[in-house]
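Scroll down for the structure; my scribbles are underneath it.
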Amino acid sequence: MKLEVFCIAAMAFSFGCKSGDHGHAHGGDDHGGGHGHPHGEELAAKSVTLWTEKAELFMEWEPLIVGRESRFLAHVTNLKDANRFAPVAEGKVVVTVAVGSKTMKAEALELARLGLFTPAMTPDTAGKCTMSLTLESAKVSETFAVADCTVYADEASAKAAKSDEETAGEIAFLKEQQWSIEFATVASRKESIVPSKTVSATIKVVPGREARLTAATAGRLSLESPVPTVGSYVSKGQLLARIQPTVNAPGSVGTLRADVAAAKAEHTAAKAAYERLERLVASDSVPTRRLDEAGSDVKVTQARLSAATTRLSSYSASASGTARAGSGAFKVSAPISGTLVAQSVTEGETTEAGSALFTIVDLERVWVEGRIFEPDVPAFEDSKTAWFTVDGRESVFDVNEETGKLVTVGHVLDPASRTVPVIFEVANPNKALRIGQYAKLSVATGEPALGLVIPESAILQDGNQSIVFVHSSGEGFVRRVVILGTHSRGLVEVLQGVAEGERVVTKGAYDVKLASSAGGAPAHGHAH
């Protein structure tokens, strides 16, 4: 099993409870909670912090002495959720110590408390040894190689052993604190990073992929069953509601029929007048001018009749004829397929002509629109690679030939801001992008280069300095001032301040910063 980071420290503290002890208690009565070690002696205790891809082990133990019981305090963290590390909630652990061919084991079949196992052993063979811890649980199983150790022949030998120095300036942030918040760390690593330019952007609807439905006439609205709800998907042509026009509404069937009858009567009268004048003109009883005027009246009344007839025909084509809404009801159907994002009416509501009913948006594709300053226009026009992030999500959305395209880089500068719009159209198959969301849009401006990177979320600003908190031991953190290089795709290049493989806090860094205000190095002793 490849270990990402290994750190071991020896710290002088008492496992007993003394006045002024800053350690925190673990375990209940079954594990000796509240009383000191029977020997009452201060010895150079050991601790180790190991990380794998799946779990973290922070373990402290009393020096291993022949004939004397030593207890291990094994804090185990599940790292599978990259956004929030959690204590292991069940399982068992076995600590194995080997001196030559002699093997000794300490087993804890259950947790002493959430995330903590407390196995104990009494060694019977002295000498240089190797140690490992094996975890078995439903969610994560792992074996940690703890590296070399020593089983001392007696207490005097243990006291004479050299203790490692503590890390200077280490900030205490206990496991119980880490587990109670959204907390995570990531190891720094070498990775290709692309120089880029970034602008603020907004997720918008693609023109032609939004439909705002309004009432064609005044009337009483009836919703279709199943009742459409905001957030539901609707298909093109799906019936959403019906409007039964009111009796005196301009678009009611009675009004339209009356309009047709009136227009027909006017047209009949005009034709009769024209025919009478034709006879009179033939006998030279009236001037020709009168016939021309009558001919114009015929054309005007014909046009009115045609218009009234067309309105009645259009109404009849749209009418539902169902019993629920009544004969002559208007259908309100979805003109496009998409997500119903707004509903402005309820069952039985009386609407006015032109009032808003529904809004439908096709979210399969969206626009990412930002504004770029005049000097940055060439970079966006010439770039072949683009990506963006949105608030609330750490994932990066790529814009490439498969997922999207550059729609335009504007050609008219805003005289006030000296910017032009830049618009990308991207696929949105999982509806992860929401209309109106803020985004950070980036384009590549150079060739990729290898650098040491960490997530941008690890960076805090402290005055005019960029800082990170390095996870130096299980409950210890070190504040580091960093010098940053290129930002790209949610990562940032670290030019100075962090070594490769060191773990930095990406979630909960501000809480560690607050803990640092207490000052001083952590006391790693734990009463048990």
Side-chain angles (χ1 to χ4, degrees), residues 203-269 300-366 428 431 434-437:
I203 307 300
K204 294 188 174 183
V205 177
V206 177
R209 292 179 176 265
E210 180 179 26
R212 298 178 182 270
L213 281 64
T214 59
T217 183
R220 179 179 175 277
L221 182 134
S222 298
L223 297 173
E224 279 302 295
S225 182
V227 175
T229 57
V230 172
S232 62
Y233 181 84
V234 297
S235 301
K236 182 177 181 179
Q238 180 177 332
L239 189 59
L240 305 177
R242 306 169 195 265
I243 299 175
Q244 178 66 47
T246 54
V247 174
N248 296 321
S252 67
V253 65
T255 301
L256 293 176
R257 288 172 179 167
D259 290 344
V260 170
K264 186 179 293 186
E266 290 177 354
H267 181 57
T268 300
V300 170
T301 56
Q302 177 63 55
R304 289 175 180 169
L305 177 59
S306 296
T309 303
T310 299
R311 288 196 296 271
L312 181 59
S313 298
S314 298
Y315 178 91
S316 299
S318 299
S320 64
T322 61
R324 185 168 76 90
S327 179
F330 274 95
K331 293 178 180 178
V332 181
S333 301
I336 63 172
S337 296
T339 301
L340 187 65
V341 298
Q343 179 178 329
S344 306
V345 289
T346 57
E347 173 68 27
E349 182 176 335
T350 299
T351 64
E352 296 297 329
S355 60
L357 302 179
F358 306 98
T359 301
I360 302 168
V361 176
D362 181 358
L363 295 172
E364 291 298 322
R365 300 187 74 82
V366 296
N428 186 28
K431 312 298 187 297
R434 287 170 167 78
I435 304 304
Q437 265 187 315

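The first residue of the sequence shown is numbered 1, and numbering continues consecutively from there. Keep in mind that this is a model prediction, so the values were computed, not measured.
With sequence neighbours excluded, the residues forming a side-chain contact (heavy atoms from CB on, under 4.5 Å) with Glu210 are Val205, Arg212, Thr359, Val361, listed by chain and number. Partners of Glu266 according to the salt bridge (charged side-chain N to carboxylate O under 4.0 Å, His left out) rule, which considers only residues two or more places apart in sequence or in another chain, are Arg304. Applying the side-chain contact (heavy atoms from CB on, under 4.5 Å) rule to Gln238 yields the partners Val234, Ser235, Leu240; only residues at least two apart in sequence or on another chain are considered. Residues passing the side-chain contact (heavy atoms from CB on, under 4.5 Å) test with Lys204, sequence neighbours excluded: Thr202, Trp367, Glu369. Ile336 meets the side-chain contact (heavy atoms from CB on, under 4.5 Å) test with Ala211, Ile360; sequence neighbours excluded. Residues forming a salt bridge (charged side-chain N to carboxylate O under 4.0 Å, His left out) with Lys431 (at least two apart in sequence, or on another chain): Glu364. Evaluation of the side chain to side chain donor-acceptor pair (under 3.5 Å) rule for Asp362 yields Arg209 as partners, not counting sequence neighbours. Every residue meeting the side chain to side chain donor-acceptor pair (under 3.5 Å) condition with Ser306, not counting sequence neighbours, appears here in chain and number order: Gln302. Partners of Thr301 by side chain to side chain donor-acceptor pair (under 3.5 Å), not counting sequence neighbours, listed by chain and number: His267. The side chain to side chain donor-acceptor pair (under 3.5 Å) search around Glu349 returns Thr346, not counting sequence neighbours.
At distances below 3.5 Å, at least one donor-acceptor pair connects side-chain atoms of Asn428 with backbone N or O atoms of Leu363.
Here the straight-line distance linking atom OG1 of Thr217 with atom CD of Glu352 works out to 9.0 Å at 0.5 Å rounding. Remark: Thr229 OG1 to Gln343 CD distance equals 7.5 Å, nearest 0.5 Å. The structure places CG of Asp259 at 10.0 Å from OG1 of Thr309, a figure rounded to the nearest 0.5 Å.
The shortest heavy-atom contact between Phe358 and Pro228 is CE2-CG, 4.2 Å. Minimum interatomic distance between Ser337 and Lys236 (heavy atoms only, all atoms of both residues): OG-N, 2.8 Å. The shortest non-hydrogen separation linking Val206 to Arg365 is CG2-O, 3.5 Å. When all heavy atoms are compared, the tightest approach of Ser344 to Ala356 is CB-O, 3.5 Å. Pairing each heavy atom of Val260 with each of Ala308, the nearest pair is CG2-O, 3.3 Å.
Side-chain atoms of Ile435 and Val341, non-hydrogen and from C-beta on, never get closer than 4.5 Å to each other. Within the 4.5 Å cutoff, side-chain heavy atoms of Leu357 are placed close to those of Ile243. Side-chain atoms of Ser222 and Glu347, non-hydrogen and from C-beta on, do get closer than 4.5 Å to each other.
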